[in-house]
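Here is the structure we will look at, set down as structure tokens.
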Amino acid sequence: MCVGLSARVVAVNKDTALVDASGAKREVSAELLDDLEPGDYVMVHAGVAIAKITPEENKGE
């Protein structure tokens, strides 16, 4: 079973992003996503942001 975690992007620095998942902040790889900006929501799996999601799709907030 694969588990993804929804998170809000706090900051972007080249190929990494600082994300906030229900108050827990961590740095993840952002290499797979183009045009990632603070405020975007992403799905994170195994330390990698794998997809942008809409705020409505975000179940973690």
Side-chain angles (χ1 to χ4, degrees):
M1 181 168 115
C2 295
V3 178
L5 175 69
S6 61
R8 184 178 55 83
V9 176
V10 176
V12 179
N13 184 14
K14 294 186 183 180
D15 291 334
T16 63
L18 178 65
V19 298
D20 182 340
S22 299
K25 292 183 180 157
R26 60 187 274 192
E27 194 167 307
V28 300
S29 172
E31 292 182 40
L32 299 178
L33 303 177
D34 294 327
D35 302 325
L36 197 59
E37 298 180 8
D40 288 343
Y41 286 88
V42 293
M43 183 63 60
V44 177
H45 175 67
V48 179
I50 59 172
K52 283 187 183 182
I53 58 174
T54 66
E56 293 79 26
E57 293 173 316
N58 179 33
K59 303 295 184 200
E61 293 286 307

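Only heavy atoms go into these numbers, but all of them, side chains included; no hydrogens, no water, no symmetry mates. Worth saying up front: this structure is predicted, and the values here are computed from it rather than measured. Each residue takes its place number in the sequence, starting with 1.
Taking Ile, Leu, Val, Met, Phe, Trp and Tyr as members and joining any whose side-chain heavy atoms lie under 4.5 Å apart, directly or through other members, the hydrophobic cluster of V10 also contains L18. Membership of the apolar cluster around L36 extends to V9, V12, V19, V28, L33, V42, V44, as traced through chained side-chain contacts below 4.5 Å between ILVMFWY residues.
For the salt bridge (Lys or Arg N to Asp or Glu O under 4.0 Å) condition, no pair includes a residue of residues 21-32, sequence neighbours left out. Residue pairs meeting the salt bridge (Lys or Arg N to Asp or Glu O under 4.0 Å) criterion with at least one partner in residues 34-43, sequence neighbours excluded, are D40-K52. Legend: salt bridge (Lys or Arg N to Asp or Glu O under 4.0 Å) pairs involving residues 9-19, not counting sequence neighbours: none detected.
Partners of L32 by side chain to side chain contact (heavy atoms under 4.5 Å, CB included), not counting sequence neighbours, listed by chain and number: V48, I50.
Considering every non-hydrogen atom in both P38 and A11, the closest pair reads CG-CA, 4.2 Å.
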